[in-house]
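The next block holds one structure in the form of structure tokens; read it before the comments.
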Amino acid sequence: MNLKKYILGTALAASTLVGCTNNFEEINTNPWTSNNLDVKHLMTFSQLKMYSNGAEAWRGNLIMSGPMAQNTACLYSQGIGFGVSDGFTSPTFDLIYGDVFRNITDGITRLEAEGGKEGQVAQFEIIKSVNLLRLTQMYGDIPYTEAGKGFTDLVYYPKYDAQKDVLIGIAEDLKKARTALEGANDSDLIDYDLYSSGVPGTAKYIKLANSLMMKIGLMMSEGDATEGARIFNEGYKNAGGYIQDWNDAVYVQHVSAGGPWGEHVNGTGIAVEGQVGGFSYPYISEAAMKAMQDNQDPRIFRIVSHFDYTGGVNKAMTDTTKYKNFDPYLKAGDEGTFVKAHYRGVRLGDNGDGNRGVFFNETKGSAQQAAYWVNQNEGTTESGEYKFENEGQFITIAGLSAATFNQLAPSIVIGADEVQFMIAEASLLPAYGVTDANAFRNGVELALDKYDALRFPGADTRDLFVDLYKRQTNSSFDFATAKTNYVNNAVARYTAATDKRDVVVYEHWIALTGNGYDSFALWNRTHLPSFVPAVVPEADRNYDLPKYANDPLVDNSQVQTGVQEVPLHRGGVTNWARPSRFPYPNRELNVNAANSAEAMTRQRAGVGESTNFIAVKQWYSNKGI
């Protein structure tokens with residue numbers, strides 16, 4: 001598909017329909033008509049905007065939700081430190097309600113007024129459902145029945161619907177849209193369409209609707225498993241099918257036209273590249289890094305890299321001549337130990353000595369912290385030994401690879417691997433009545449194939465580092481064999497596990513690396529993987545750095561003299577409880593005060609005001625400690 005033919009229309013939709021959207025009166029009021037703008041442009045804008053805003057993605061994804069889910073990390077500490085920042089958590093709410101939702105409402109209203117456009121209305125309803133799902137999984141109760149009705153029904157301050165009602169309502173919208181599509185032809189649809197798939201027309205949207213119903217149904221497993229099972233099976237058993245492989249998957253392609261602040265780049269990717277406000281610190285968490293290393297995960301070559309920040313743009317390190325004895329599977333060492341390892345993640349916490357300290361140097365009286373990027377120590381006399389080609393490569397943090405996650409990476413609406421993992425998990429929940437013994441293996445295989453199947457960038461960088469590993473450390477390594485071994489070993493772990501759900505959710509969680517919204521929602525619902533605790537244990541609130549008289553990086557004769565305890569996690573605003581939600585925007589609390597206050601009181605359900613709202617469980621949250 002040539003996306004450039006959609007650029008003008010999407011830009012028109014952006015400039016014509018997006019104004020100041022800081023509160024719901026502004027969000028729901030459209031002071032001018034868009035009737036002179038073809039409705040197809042409203043559709044492409046509504047499909048794309050959720051994925052293309054770098055400012056929002058940096059905040060909602062890279063700073064907050066991914067680090068809270070703990071498969072990624074960011075040195076802006078509000079996410080990994082369990083803090084609050086309206087500037088980081090309001091953009092997701094504002095983006096979808098302000099820039100997207102009223103376009104969708106306008107499109108549906110105009111199509112219904114024309115009549116005979118049921119298939120096109122169905123397309124909009126499914127796009128609306130995709131956007132609403134992101135909102136409710138992050139915020140809980142949200143405006144649903146009255147949202148977007150400012151310029152149609154003069155409802156400027158919409159009520160907040162209970163999350164259970166929102167989820168059931170979205171499922172009904174999807175079912176209604178599916179029925180309309182079953183009675184439509186491909187020619188009845190808007191073909192100016194940014195939802196890409198190997199499946200065309202009505203079949204694509206029916207599979208997407210069914211897959212989204214399955215997602216909603218499983219999302220309800222903790223709140224109401226009986227109702228969740230009904231909705232799950234509405235999608236799972238429908239004759240139109242669900243997304244089963246990467247040919248079926250629905251995703252949005254991106255182009256660089258319009259630049260970093262344009263309407264067409266991958267928002268998360270452009271933020272990873274540091275082109276929407278500066279270096280974004282998008283690292284891999286220590287928990288995810290060590291899990292991948294323990295499991296000999298071949299994706300480590302595709303999704304992990306050191307950063308090259310030359311010229312103020314973040315890129316994946318590609319100069320393999322600077323490495324020595326490269327081994328991405330060598331772990332950096334557990335608490336109280338130091339290992340010269342190439343790939344080390346960022347620990348959960350809000351103190352620099354704790355979350356990126358490497359060792360404690362008694363002579364200097366301070367902790368040696370890891371470097372952000374490969375050229376951080378270039379040209380300095382004191383740390384010349386720490387140049388990347390010397391010892392710096394062993395203390396540089398591993399990040400979310402900018403070779404793979406960049407402005408041109410596709411945005412997956414719902415992946416084939418996700419759907420298989422959902423089926424595998426549903427097969428373990430008696431209420432769902434699902435039995436699919438192959439779903440887990442299928443999910444792992446699809447997750448490993450994802451980056452090539454959807455043509456993510458970064459294959460050349462992966463191959464560079466596979467060759468480097470073979471040349472310097474493991475000449476017998478074969479990438480294809482490593483993938484096969486990983487699948488077989490994952491199945492073996494699953495077969496041997498007492499808690500099989502923990503194994504399924506881990507594979508789902510690691511497959512969502514880079515998608516913080518969905519990885520957070522997965523953790524929030526299940527409190528799994530089990531090594532991502534709901535409350536940071538007391539023993540993990542400080543960290544023991546290995547202690548040396550001098551620098552063990554440059555003096556191999558140094559012997560560890562003990563440990564130095566340093567602060568790691570100071571509890572944030574939640575008293576060490578991992579957040580269960582984003583808070584509502586401050587402006588919304590002011591201008592839609594009665595409705596937002598009512599929603600917060602309802603969701604507290606007796607939890608006192610002394611508990612920060614981000615620690616209050618959502619309806620779909622796991623209610624365990």
Side-chain angles (χ1 to χ4, degrees), residues 68-72 137 214-215 217-226 228-229 232 236 285-297 299 331 334 345 348 415 417-448 485-513 515 518-540 576-580 617-625:
M68 290 193 305
Q70 213 177 329
N71 49 10
T72 59
Q137 70 188 18
M214 293 166 65
K215 182 174 182 175
L218 195 59
M219 188 176 169
M220 297 174 68
S221 63
E222 294 291 323
D224 185 342
T226 301
F232 182 94
Y236 183 58
S285 75
E286 182 181 74
M289 188 76 260
K290 288 185 173 179
M292 285 191 286
Q293 291 167 327
D294 283 338
N295 294 327
Q296 296 284 295
D297 192 331
R299 285 170 291 193
K331 293 197 297 182
D334 294 322
L348 181 73
D417 53 348
E418 297 174 67
V419 176
Q420 290 297 315
F421 288 132
M422 290 191 299
I423 296 169
E425 188 185 347
S427 296
L428 299 172
L429 302 176
Y432 284 73
V434 174
T435 303
D436 188 335
N438 296 317
F440 177 69
R441 176 182 284 273
N442 291 342
V444 178
E445 290 176 342
L446 288 164
L448 293 182
N485 290 343
Y486 184 90
V487 174
N488 291 336
N489 290 337
V491 172
R493 290 194 299 273
Y494 174 86
T495 301
T498 301
D499 186 352
K500 289 179 168 44
R501 193 181 185 196
D502 195 7
V503 181
V504 172
V505 172
Y506 167 75
E507 292 296 339
H508 192 171
W509 174 85
I510 201 69
L512 288 169
T513 299
N515 179 350
D518 284 331
S519 58
F520 170 75
L522 178 65
W523 176 85
N524 197 11
R525 176 175 61 83
T526 64
H527 283 185
L528 298 171
S530 53
F531 56 76
V532 182
V535 178
V536 177
E538 188 171 354
D540 293 343
W576 287 285
R578 196 177 301 273
S580 294
K617 307 288 187 183
Q618 295 190 47
W619 179 81
Y620 84 92
S621 299
N622 186 294
K623 300 305 189 291
I625 300 301

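At least one donor-acceptor pair closer than 3.5 Å links the side chain of S285 to the backbone N or O of Q70. When atom types are taken as modelled, the side chain of K500 and the backbone of T498 share no donor-acceptor pair closer than 3.5 angstrom. Within the 3.5 Å criterion, the main-chain N or O of V536 finds no donor-acceptor partner in the side chain of D540. For the pair R441 (side chain) and V487 (backbone), a donor-acceptor distance under 3.5 Å is absent.
G228 approaches M220 most closely through the heavy-atom pair CA-CB, 3.8 Å. Residues E222 and Y620 come closest through the heavy atom pair CB-O, 3.6 Å. For S580 against Q618, the heavy-atom pair with the smallest separation is O-NE2, 2.9 Å. Among all heavy-atom pairs drawn from A439 and I423, the shortest one is CB-CG2, 3.8 Å. Across A490 and V503, no two heavy atoms sit closer than the pair O-CG1, 4.3 Å. For V532 against A69, the heavy-atom pair with the smallest separation is CG1-O, 3.8 Å.
Using bins of under 30°, 30° to 60° and over 60° for the plane-to-plane angle, the ring pair Y494/F440 lands in the parallel bin. Ring planes of F232 and Y432: perpendicular class, angle over 60° (limits at 30 and 60°).
Here the rule is side chain to side chain contact (heavy atoms under 4.5 Å, CB included) with D417, and of N442, L448, L446 only L446 fits it. Across F520, F531, W523, a single residue satisfies ring pair (Phe, Tyr, Trp, His ring centres under 6.0 Å) together with W509, and that is F531.
Counted by atom type alone, T526 and N622 present zero donor-acceptor pairs between their side chains at under 3.5 Å. If you check the side chains of Y486 and N295, you find no donor sitting under 3.5 Å from an acceptor. Remark: the Q137 side chain and the D518 side chain contain an N/O donor-acceptor pair separated by less than 3.5 Å.
Note that the NZ atom of K215 and the CD atom of E418 stand 6.0 Å from one another [nearest 0.5 Å]. The distance from the NE2 atom of H508 to the CD atom of Q420 is 11.0 Å, given to the nearest 0.5 Å. Rounding to the nearest 0.5 angstrom, the gap separating the CG atom in L218 from the CE atom in M422 is 7.0 Å. Distance OG/S519 to CE/M68: 9.5 Å, rounded to 0.5 Å.
The salt bridge (Lys or Arg N to Asp or Glu O under 4.0 Å) pairs that include a residue from residues 485-494 are R493-E507, where partners are two or more places apart or lie in different chains.
With contacts defined as side-chain heavy-atom distances shorter than 4.5 Å, the pair R501/L528 qualifies. Side chains of K331 and D294 form a contact here, defined as non-hydrogen atoms less than 4.5 Å apart. Counting heavy atoms from C-beta outward, S530 and D499 have side chains that stay 4.5 Å or more apart. Taking the side chain as every heavy atom from C-beta outward, D224 and W619 approach each other to under 4.5 Å. Side-chain contact check for V505 versus F421: every heavy-atom pair is 4.5 Å or farther apart.
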- Message: Could you go through R299 and T513, starting from their C-alpha distance and side-chain angles, then the distance that decides it, and tell me whether this counts as side-chain contact (heavy atoms from CB on, under 4.5 Å)?
- Response: CA-CA 11 Å; R299 285 170 291 193; T513 299; over 6 Å; no
